[in-house]
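Below: one structure, written as structure tokens.
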Amino acid sequence: MAEAADFQGTSPSPARRWLLRTGALIAGAPLLAGLLQLSAAPDALAAPKAAPADATGTNTVAVSLDSLSPSAPTDGDTVTVSGTVTNRGKQTITDAHVGLRVGSAPLTTRSSIDSAAKRDGFDQFVDGTEVGGKYVEKFSKLASGVAQPFTISVPVKELDLGADGVYQLGVSLSGQTSAARYDQILGIQRTFLPWHPDEADTRTKTTYLWPLISTSHLTAETGPGERQTPTFRNDDLTKEISAGGRLEQMLSLGKDLDVTWVIDPDLLASVVAMTESYSVRSGSTTVPGRGQAVANAWLADLETAVQGKEVVALPFADPDLASLAQNGKAVTGSLSRLKDATDVAADTVENILHVEPNTEFAWPVNGAVDPSIIKVATSAGADKVIARSDSLQENRGLPYTPTAARPIGGGTTAVVADAQLSTAFQGDMRKAESSTLAVQRFLAQSLMTNLQTDRQRSIVIAPQRMPSASQAQRMAQALTTLQGGTWSQFQDLSAAAEAKPDPNASTRIPSASAYPKSLRKQALPKSAFEEIHGTQSDLDRFKVILNRQSRVVTPFGRTMDREMSTSWRGDAADARAYRDGVQSYLDTLTSQVRLIEKSETKLSGRSATIPVTVQNNLVQGVDNLTLRLTSQLPKRLKIGDDDFDEQSIDISGGHSESVKFTTNAEANGKVDVVAQLYTKDGQKYGSPVVFTVSVTEITPTVMLVIAGGVLLLVLAGFRMYTQRKRAAARQAAEGASQDESADRNSPGEEANTEAASVVHTDGVVHTDEGDSSAEPVADAPEHPSDPAKDTASENTDRSGTGERVDR
């Protein structure tokens with residue numbers, strides 16, 4: 001970044017002080033050399049090989065600067081520095097002491113701060129003289145490998161700070177070794193001391209983004225009940241929002257800072273899901289989640305913290321805009337999914353936090369942009385893109401850092417975050433030394449930015465998306481100092497975007513070839529977006545058959561948003577496993593509505609029905625399904641009146657239904673029949689069931705039944721014939737007996753006998769003289785309207801030998 005070579009409006013006192021110090025050193029150099037030669041021991045005369053300025057010598061002792069307070073002192077303050085010194089050499093160090101050194105002059109540019117931070121070794125002219133006196137801590141000896149703590153407190157007035165600016169502050173250890181028995185600088189550590197005790201005439205308007213973003217925690221899986229108990233990938237979110245966790249620290253620290261909250265709605269939705277019963281996946285099973293209390297507490301605290309503050313809502317699940325632009329925009333449905341994620345963001349945040357969020361901003365990863373990223377970022381409705389100055393670089397040689405807002409055409413504004421300030425707290429901030437140096441360097445860059453010009457500017461700082469707890473603590477420490485300082489004032493992100501742009505600032509978007517290769521390697525591949533599209537297509541086919549689509553569409557829709565999340569960068573294997581899990585679960589659900597397999601079916605006769613069973617193991621009912629049964633040989637077997645027939649399906653949850661199809665056989669033989677479910681739009685649903693139908697006009701079973709019936713009829717007729725024959729034989733025998741009696745009787749008796757054998761209309765044969773107690777005639781009806789009996793009356797006489805008796 002271009003910047004001024006000198007401070008504008010700086011008083012000449014630092015230069016005069018530097019000249020005086022330099023002159024004194026030059027004038028005193030011969031005298032100092034003579035004194036050293038007179039007093040030095042013989043072995044010290046050969047000391048030039050181990051001179052104090054030698055780089056190896058200054059690395060003998062490791063000096064760790066663990067704390068510095070206040071970070072930005074003002075008049076009347078006392079600066080306290082503490083840390084440790086460790087002898088890394090093999091020889092014991094004696095007559096050692098730790099002292100402070102203030103640079104001979106304030107630094108003049110932002111790049112000079114970076115150069116000073118990288119410089120190694122000791123340079124008397126740059127590092128300045130030691131404050132000395134009583135403001136040192138002495139050690140009689142430092143044994144090899146042993147760390148010794150130190151603390152030094154110095155009033156600001158003793159530091160001899162001049163004009164406003166950024167000064168180098170060195171912490172050095174001087175001592176002697178057995179090989180060099182004279183005082184020498186054996187170790188030094190540098191930091192920066194911002195000095196601006198009075199209120200600045202023009203204060204830089206500073207916007208600091210405070211991101212609440214996490215990885216994807218929720219899966220698409222839900223419980224079967226009305227509540228649809230959600231399932232989490234793991235219980236990491238509980239740890240993050242618990243005391244001391246990363247998100248708990250971001251919240252507890254951020255609520256006391258002047259910041260713009262940048263929130264992923266998916267994080268809020270996930271924490272809300274934890275406030276009631278939920279499950280956590282543990283291997284192949286799930287266990288009950290136990291984070292309800294911390295989830296409720298965290299949400300309540302967040303709602304309180306954001307009241308009256310600006311809240312920027314990212315699209316749901318923070319989609320990776322660069323991956324979409326580079327690999328996903330050509331895949332059908334990818335950009336529409338980004339639009340959907342943007343649309344749902346505002347409602348999610350407002351319903352949970354009860355604040356109206358700003359959804360006008362898009363934030364590509366690391367603020368790296370190219371024309372395609374800008375196009376994708378604005379395609380979903382955002383008209384402001386948060387870029388970074390190491391991507392959209394200055395190319396006009398400006399001697400200052402320009403205002404963040406830049407019009408880049410098409411009604412779009414690039415809000416360019418300062419790269420040096422935005423990356424100040426990356427890396428491991430758990431070590432006291434690294435965190436202290438990071439805070440001081442951040443404050444130094446901020447002050448230097450303000451001192452570049454008297455023109456007021458708006459600066460935006462966009463840190464890493466997911467700061468660790470230690471990084472958040474250092475960020476909060478620096479911001480607290482900045483808020484209480486004299487050169488900066490807070491401004492919302494929306495105000496920074498609306499600020500008057502600097503006409504001299506660069507607005508040229510870098511080409512696609514300029515996009516960092518390291519970031520391109522981390523992008524989601526095209527195959528990821530193709531898999532997401534495949535899942536969406538399967539979901540579209542599935543949802544049309546459901547009575548309650550929202551129970552499936554909503555959790556799967558949000559989960560597919562998570563599949564495009566920026567949080568997958570650098571974790572390709574885990575991202576792939578997540579996508580596979582979503583697809584697998586959808587396949588499991590769709591397979592719950594299926595056709596039951598059938599074995600070979602035998603079809604007798606020319607017409608019959610074939611049953612096909614559809615099973616619904618879902619909790620909810622399904623409809624809008626059609627079952628089609630198709631004959632592969634319609635000339636042999638027709639389904640209905642053609643080669644196929646269809647019937648609508650409507651099945652309640654947890655039930656099965658058998659559907660019967662009428663068939664007509666045209667010829668004997670085997671026919672393959674295909675059963676297939678279709679959605680209402682004609683798309684196949686699930687796998688088909690193929691079974692064989694064996695067609696015969698008369699089967700052996702039917703033949704047996706017919707033969708058995710004929711046999712029964714023959715037997716019945718034979719029985720009737722024998723019974724009639726016996727009845728006729730008896731009547732003939734009775735007639736013969738009566739004839740013999742008639743020969744013996746008188747003519748009057750014969751007449752009486754003939755009269756006695758007359759059959760009257762009542763159907764009774766009178767065999768005695770007027771006696772009507774005889775048996776009924778076999779074939780006579782009992783009543784005039786009754787049909788004649790087809791069997792003879794039972795013979796009550798005892799049967800002879802071998803005679804059959806009918807019972």
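The structure presented is a predicted model; accordingly, all values stated were derived computationally and were not measured. Quick note: numbers below take in every heavy atom, side chains included, and nothing from hydrogens, waters or symmetry partners.
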**Study point:** N547 (side chain) donor-acceptor with G621 (main chain) under 3.5 angstrom
**Key:** yes

Exercise for review: Give a yes or no on whether K598 atom NZ has more than 12 heavy-atom contacts from other residues, nucleotides or ligands under 6.0 Å away.
Suggested key: yes

Exercise for review: Check for a donor-acceptor pair, side chain of H655 on one end and backbone N or O of G653 on the other, with a separation under 3.5 Å.
Suggested key: yes

Check your understanding: Would you say the side chain of E248 lies within less than 4.5 Å of the side chain of E240, judging by non-hydrogen atoms?
Key -> no

Check your understanding: Side-chain contact, heavy-atom cut-off 4.5 Å: L218 with T559?
Key -> no

Check your understanding: Taking C-beta and beyond as the side chain, do V689 and E597 meet within less than 4.5 Å on heavy atoms?
Key -> yes

Review point. Can you list the residues that meet the side chain to side chain contact (heavy atoms under 4.5 Å, CB included) rule with N617, with sequence neighbours excluded?
Key: Q592, Q615

Exercise for review: Give a yes or no answer on whether the side chain of D236 reaches the backbone of H217 with a donor-acceptor pair at less than 3.5 Å.
Suggested key: no

Practice item. Quick one: closest heavy-atom pair of Q620 and L546, and the distance? Key: OE1-CB, 3.5 Å

Exercise for review: Considering non-hydrogen atoms only, spot the tightest contact between N327 and L524 and give its length.
Suggested key: ND2-O, 2.7 Å

Check your understanding: Which heavy atom in Y685 sits nearest to a heavy atom in V593, and how many Å separate them?
Key -> CE2-O, 3.4 Å

Review point. Between the side chain of W568 and the main-chain N/O of S216, is any donor-acceptor distance below 3.5 Å?
Key: no

Review point. Distance-only, no hydrogens or angles: does the D650 side chain make a donor-acceptor pair with backbone N or O of D623 under 3.5 Å?
Key: no

**Study point:** S631 versus L637, closest heavy-atom pair with distance
**Key:** OG-O, 2.7 Å

**Study point:** Atom pair CE (M564) and CZ (R337), whose distance is rounded to the nearest 0.5 Å
**Key:** 6.0 Å

Taking only distance into account, with no hydrogens and no angle test, what donor-acceptor pairs under 3.5 Å do side-chain atoms of residues 570-577 form with protein atoms, sequence neighbours excluded?
unit_1: D574; atom_1: OD1; unit_2: R233; atom_2: NH2; d: 3.1
unit_1: D574; atom_1: OD2; unit_2: R233; atom_2: NH2; d: 2.9

**Study point:** Chi angles and distances behind the side chain to side chain donor-acceptor pair (under 3.5 Å) call for D383, T412
**Key:** CA-CA 5 Å; D383 58 1; T412 303; over 6 Å; no

Point to revise | Charged tip of K684 within 45° of Y678 ring normal and under 6.0 Å | key: no

Exercise for review: Give the intermediate values and the outcome of side-chain contact (heavy atoms from CB on, under 4.5 Å) for residues V659 and I649.
Suggested key: CA-CA 8 Å; V659 182; I649 303 296; 3.5 Å; yes

Review point. Counting N and O atoms only, with roles assigned by atom type, does the side chain of Q676 sit under 3.5 Å from a partner on the main chain of G686, one being a donor and the other an acceptor?
Key: yes

When the side chains of residues 513-521 are checked against the rest of the protein, which donor-acceptor pairs come out under 3.5 Å, sequence neighbours left out?
unit_1: S513; atom_1: OG; unit_2: S511; atom_2: OG; d: 2.9
unit_1: R520; atom_1: NH2; unit_2: A512; atom_2: O; d: 2.8

Exercise for review: Tell me, with the steps shown, if V673 and L629 meet side-chain contact (heavy atoms from CB on, under 4.5 Å).
Suggested key: CA-CA 7 Å; V673 175; L629 195 65; 3.4 Å; yes

Exercise for review: Kindly indicate, with the supporting measurements, whether the criterion side chain to side chain donor-acceptor pair (under 3.5 Å) is fulfilled by T613 and S658.
Suggested key: CA-CA 4 Å; T613 302; S658 291; 2.9 Å; yes

Exercise for review: Give a yes or no on whether E303 atom CD has more than 12 heavy-atom contacts from other residues, nucleotides or ligands under 6.0 Å away.
Suggested key: yes

Practice item. Go through the side-chain N and O atoms of D235 and T238 and say whether any donor and acceptor fall under 3.5 Å apart. Key: yes

Practice item. Kindly assign one of parallel, tilted or perpendicular to the pair Y585 and F556, based on the angle between their ring planes and the thresholds 30° and 60°. Key: parallel

Study note, to complete from the structure: Residues passing the side chain to side chain contact (heavy atoms under 4.5 Å, CB included) test with D264, sequence neighbours excluded, are I213, D266, D318

Review point. Under 4.5 Å between any side-chain heavy atoms of V311 and I263, yes or no?
Key: yes

Check your understanding: Donor-acceptor pair, N358 side chain versus V312 backbone, under 3.5 Å?
Key -> no

**Study point:** Residues, nucleotides or ligands: over 12 heavy atoms within 6.0 Å of D641 CG
**Key:** no

Check your understanding: Between W363 and R465, is there a cation-pi geometry (under 6.0 Å to ring centre, at most 45° from the normal)?
Key -> yes

Practice item. Side-chain contact test, heavy atoms from C-beta onward, threshold under 4.5 Å: evaluate it for E563 versus V582 and give yes or no. Key: yes

Exercise for review: Give a yes or no on whether the backbone of V369 and the side-chain of S391 come within a donor-acceptor separation of less than 3.5 Å.
Suggested key: yes

Check your understanding: So, R579 and E531, do they make that salt bridge, N to O below 4.0 Å?
Key -> yes

Check your understanding: Taking NZ, NE, NH1 and NH2 as the nitrogens, is one of them in E360 or K384 under 4.0 Å from a carboxylate oxygen of the other?
Key -> yes

Point to revise | Working for side-chain contact (heavy atoms from CB on, under 4.5 Å), residues L321 and L338 | key: CA-CA 9 Å; L321 302 176; L338 173 62; 3.9 Å; yes

Point to revise | Within 45° cone of F316 ring axis and under 6.0 Å: R558 NZ or CZ | key: yes

Check your understanding: side-chain contact (heavy atoms from CB on, under 4.5 Å) between D643 and K638: does it pass, once the steps are laid out?
Key -> CA-CA 5 Å; D643 58 346; K638 289 186 177 181; over 6 Å; no

Review point. Can Q583 and T535 be counted as having a side-chain donor-acceptor contact under 3.5 angstrom?
Key: yes

Check your understanding: Can you find a pair of side-chain heavy atoms, one from K375 and one from P371, that are under 4.5 Å apart?
Key -> no

Exercise for review: Look only at the side chain of T679 and the backbone of Q683, and say whether a donor-acceptor pair between them is shorter than 3.5 Å.
Suggested key: yes

Practice item. Using atom types as modelled and distance alone, determine if a side-chain donor or acceptor of T285 lies under 3.5 Å from a backbone N or O of S282. Key: yes

Review point. For the ring pair Y278 and F232, is the centre-to-centre distance below 6.0 Å?
Key: yes

Point to revise | Minimum heavy-atom distance E600-S694, with the two atoms named | key: OE2-CB, 3.7 Å

Exercise for review: Could you pull out the closest heavy-atom pair between D320 and T566, with the gap in Å?
Suggested key: CA-OG1, 3.3 Å

Exercise for review: Please determine if R628 and D645 form a salt bridge, counting it only when a charged side-chain N lies under 4.0 Å from a carboxylate O.
Suggested key: no

Exercise for review: Apply side chain to side chain donor-acceptor pair (under 3.5 Å) to the pair Q536 and D540, showing each step before the final yes or no.
Suggested key: CA-CA 6 Å; Q536 181 64 61; D540 291 340; 2.9 Å; yes

Point to revise | Spacing of CG belonging to L267 relative to CG belonging to L247, to within rounding of 0.5 Å | key: 5.5 Å

Check your understanding: Considering residues at least two apart in sequence or located in another chain, which fulfil the side chain to side chain contact (heavy atoms under 4.5 Å, CB included) criterion with A325?
Key -> S372, I373, V376

Revision key, fill the gap. Taken in chain and number order and not counting sequence neighbours, the residues that satisfy ring-ring contact (aromatic ring centres under 6.0 Å, His included) with F661 are none

Check your understanding: Do L314 and V262 come close enough that some side-chain heavy atom pair is under 4.5 Å?
Key -> yes

Check your understanding: Does a donor on one side chain and an acceptor on the other come within less than 3.5 Å for S279 and T229?
Key -> no

**Study point:** Nearest-0.5 Å distance, OG1 of residue T275 to CG of residue N296
**Key:** 5.0 Å

Study note, to complete from the structure: Given the options V415, T378, I509, V385 meets side-chain contact (heavy atoms from CB on, under 4.5 Å) only with T378

Point to revise | Student check: side-chain heavy atoms of V331 and K526 closer than 4.5 Å | key: yes

